[in-house]
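Right, one structure below, let's go through it.
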2 protein chains.
Amino acid sequence: MVGSNVEVDATMSLNGSLANGKSVEHLAVADVESFDPTAVVAEPVPPVVQANNEDVTEPDADDESTGDKDAYMASVLARYRKTLMERTKHHLGYPYNLDFDYGALSQLQHFSINNLGDPFIESNYGVHSRQFEVGVLDWFARLWEIEKNDYWGYITNCGTEGNLHGILVGREVFPDGILYASKESHYSVFKAARMYRMECEKVATLVTGEIDCKDFKEKLLLNKDKPAIINVNIGTTVKGAVDDLDLVIQTLEESCESRGIRLEVHVEGVEAYLIVMFLGGAPKVTFKKPIGSVSVSGHKFVGCPMPCGVQLTRLKHINALSRNVEYLASRDATIMGSRNGHAPIFLWYTLNRKGYKGFQKEVQKCLRNAHYLKDRLREAGISAMLNELSSTVVFERPRDEEFVRRWQLACEGNMAHIVVMPSVTIQKLDYFLNEIIQGRSIWYNDEVQPPCLAADIGRDNCSCALHK
Amino acid sequence: MVGSNVEVDATMSLNGSLANGKSVEHLAVADVESFDPTAVVAEPVPPVVQANNEDVTEPDADDESTGDKDAYMASVLARYRKTLMERTKHHLGYPYNLDFDYGALSQLQHFSINNLGDPFIESNYGVHSRQFEVGVLDWFARLWEIEKNDYWGYITNCGTEGNLHGILVGREVFPDGILYASKESHYSVFKAARMYRMECEKVATLVTGEIDCKDFKEKLLLNKDKPAIINVNIGTTVKGAVDDLDLVIQTLEESCESRGIRLEVHVEGVEAYLIVMFLGGAPKVTFKKPIGSVSVSGHKFVGCPMPCGVQLTRLKHINALSRNVEYLASRDATIMGSRNGHAPIFLWYTLNRKGYKGFQKEVQKCLRNAHYLKDRLREAGISAMLNELSSTVVFERPRDEEFVRRWQLACEGNMAHIVVMPSVTIQKLDYFLNEIIQGRSIWYNDEVQPPCLAADIGRDNCSCALHK
């Protein structure tokens, strides 16, 4: 039989509860053919996230938009806007800078801007923004010290696309290479390995979240006969840890010395990455070091209405791809085909307005605020860690899931974190601190104690009954 | 040595001419540290596409935005807007509906809307638009006849992401499956095969661009021992050809009859796909047939400021993925991680405003206009083809590259095409027809004759000296 012999039980419904037990509800809606323009869509109640779906209803029977329909849509959008404002106000857990004003660019929303294919080669589609895209890429090329004629890159749809691209470049250069990544790397790195059918070695981490180069060396020595492709994190997802790039390179060099093994370092940056770039004392990310590609998200520290990212690699790698791979013609060296042409303009706008020095100032503010948060948490007897070079404060997971949702905290095991972005002010942190301190006085008592976080963030940072 | 032994010649510069000889020029720009806010950026001259890059310059030395800077940026944007208007007016070659008005949604541009992960599972990030996304998915599920509890899907970044996802689902269900696709399939299909390290068989096509099921059967019989994953095109990229879905399924069934081979049909739709969905007489795309997934672009017929798409698959496939694959936890069944939350709202808005019947009307208009274009071309002695069920008119490639660029025509060999979208009016077509007829009187004479297109679009459609 065709197509029906995939023997899987479809007993687990994605519409029901999965993983974290939360779900988006389905509402009964009108059929394609028999529609009911008067159908009432229940209110999405802020700030609880289980909102009802906004159904698509068919327009009135005369087949023209009616005033009712327009009014219905306007009211849905007005309610939605209110919800977004409320949620934006309470957001703390994700590394997104929600503080931006792109009013000057709203005039461009009328255009279908598409940079399909390669940023450096015009397609015949004229409604593009390649001149802005290349301007932004040049800015990052200067930041990461690679000459214009030596780099290739593009504005991606998100950090994951950058990782997918960088790892694909690595694989095409070293087809039998093994991908090494610390176990605290972004999940997209392991997804890439699976997608690309690559061998992958998870490397242990220190308590800070940094890659453990001792374990890395051992794993390298176990696979002496194969090239290495390495993912380096400059700001891990959960702890904001910064891998020691120079030590990673040194470890590689030691392990292949006098063996002539071909090695490739692929550096990729996940969240908060740009923060590190603007800090003195951080391991410098520069193409003068033997790295293959660098990727960074654009919607995080910079801030953008939609996800986007920047991916830069060495031109010679892309040329190798273009020459060797029939399908990857020069016009198809990106992962996606059609590409959002608005994102580069948002980035261009912010880079121009703030500039390098503007970002430096914001980074300093973020770090000051992160230290303030960590200190206040510790003073209140709450386990908390703040890595050097990071604005990610990891702390004891609040015991109340409603509280977690309300502040939109990302959690893992007993840990929660707040990524202090430019949109996170002292005022917002005080509001949060007061609430968590009040909450803990209810959640904990002589019988129920706060969890121990020594294994997660180290004994020194743990304030549990045993370690405080 | 680390990283420096990738032995490729970097003699081909992507900044120079590649492939089609066109390029985006680099301009000399200010360094990160030493900036010059008075740097003049040369005018991008519409409608020629080799625009200069919009450099990122650093703000003034007092480190605050100055009036000069603001004025400079405003002028760049005003010029750019003018260029976009000019280019939008002349666009004909790509299947994008440029006729939309999302003014009511500009209020949402202030928010960083991100549907990270799975549409059906809330993440803790509250600024999302899942309720709109699921509303849109439900609409397509009704269109393609699959029950709410049986499907899974998401709004993608573009058609390519849909293809990448559909083919990945196929490969995870049939790890040793061979991917079959007609040679006129979208290039992303072959890119996927390479990315995923899958065996891939290119199947021949008829002159219309449809898959040749005779050749398909032969190729299936050559690989009796392996499962088949098939990519079916409902509207090919160049000719807008519609594969005969029912014949594809019948061919599959015949070839595996009594052999018990596991087969999977993966249907994917590329450009203009929705047009077919709203036509009587077209092979019905429905999940009642043994198909694994359907994908369609959202920025094409529907129209959207940025690329997007809809991907629907069977929930049981995603469950299989979620169970079998550690990295593909239920929260990571999409290709991308962070996902544009604005796109679903644009789609929701248009689906609600136009509805099924509104789209039907627009399709009828597109087909009428496409027939008008084809007839006028043929009357003028120009080779031209218009497939049934399609609004893509394939015709003789204009001999003047400047003309091709001006009208933004997509070309392949001796063929060019115009995809008649709702934004392509009779008036626009007349303007184009007058120009091409005038142009040909200059391009061709007794010595230089128009090319023969018999091999591309069939003898009956060819108007060359031999076949007219």
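A, B, ... follow the sequence lines: proteins, then strands. Residue 1 opens every chain.
- From B/Ser338, atom OG reaches atom CD of A/Glu161 across 12.0 Å, with rounding to the nearest 0.5 Å.
- At a threshold of 4.5 Å between non-hydrogen side-chain atoms, the residues B/Asn114 and A/His299 count as touching.
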Practice problem: Start with the C-alpha distance between A/Val127 and B/Gln408, add both sets of side-chain angles, then the distance that settles side chain to side chain contact (heavy atoms under 4.5 Å, CB included), and finish with yes or no. | Solution: CA-CA 9 Å; A/Val127 188; B/Gln408 302 164 43; 4.3 Å; yes
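- Residues meeting the side chain to side chain contact (heavy atoms under 4.5 Å, CB included) test with A/Arg81, sequence neighbours left out: A/Met85, B/Gln107, B/Leu108, B/Phe111.
- Among all heavy-atom pairs drawn from B/Gly337 and A/Tyr187, the shortest one is CA-OH, 3.7 Å.
- Rounding to the nearest 0.5 angstrom, the gap separating the OG1 atom in B/Thr83 from the CD atom in A/Gln131 is 7.5 Å.
- With a threshold of 4.5 angstrom between heavy atoms, A/Tyr94 approaches chain B through side-chain atoms but not through N, CA, C or O.
- We find the OG-CG distance between A/Ser106 and B/Leu105 to be 12.5 Å, quoted to the nearest 0.5 Å.
- Scanning both residues, A/Tyr80 and B/His128, for their nearest heavy atoms gives OH-O, 2.7 Å.
- Atom CD in A/Gln109 sits 9.5 Å away from atom CG in B/Asp101 (nearest 0.5 Å).
- Taking 4.5 Å as the limit, some side-chain heavy atom of B/Arg353 sits within range of a side-chain heavy atom of A/Asp70.
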Exercise. Decide side chain to side chain contact (heavy atoms under 4.5 Å, CB included) for B/Met195 and A/Tyr196; before the verdict, give the C-alpha distance in whole Å, the side-chain angles of both, and the deciding distance to 0.1 Å.
Key: CA-CA 6 Å; B/Met195 274 171 66; A/Tyr196 299 152; 3.7 Å; yes
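- At a threshold of 4.5 Å between non-hydrogen side-chain atoms, the residues B/Met306 and A/Arg339 do not count as touching.
- Two residues are said to be in side-chain contact when any heavy atoms from C-beta on lie closer than 4.5 Å; A/Pro305 and B/Ile113 fail this criterion.
- The aromatic rings of B/Tyr96 and A/Tyr125 lie perpendicular to each other, with more than 60° between the two planes, well past the 30° mark.
- Counting heavy-atom pairs closer than 4.5 Å to chain A, the top-ranked of the candidates B/Ala104, B/Ser129, B/Cys411 is B/Ser129.
- In terms of non-hydrogen atom pairs under 4.5 Å with chain A, the most contact-rich of B/Ser112, B/Gly135, B/Ala74 is B/Ser112.
- In this structure, chain A has heavy atoms under 4.5 Å from both the backbone and the side chain of B/His110.
- Of the listed residues (B/Thr160, B/Leu347, B/Leu77, B/Leu84), the one with the most heavy-atom contacts under 4.5 Å to chain A is B/Leu84.
- Between atom CZ of residue B/Arg406 and atom CG of residue A/Asn124 there is a gap of 14.0 Å, rounded to the nearest 0.5 Å.
- Looking at heavy atoms from C-beta onward, A/Leu164 lies in side-chain contact with B/Ile335 at the 4.5 angstrom threshold.
- Summarising the geometry, atom CG belonging to A/Asn157 is positioned 6.5 Å from atom SG belonging to B/Cys158; distances are rounded to the nearest 0.5 Å.
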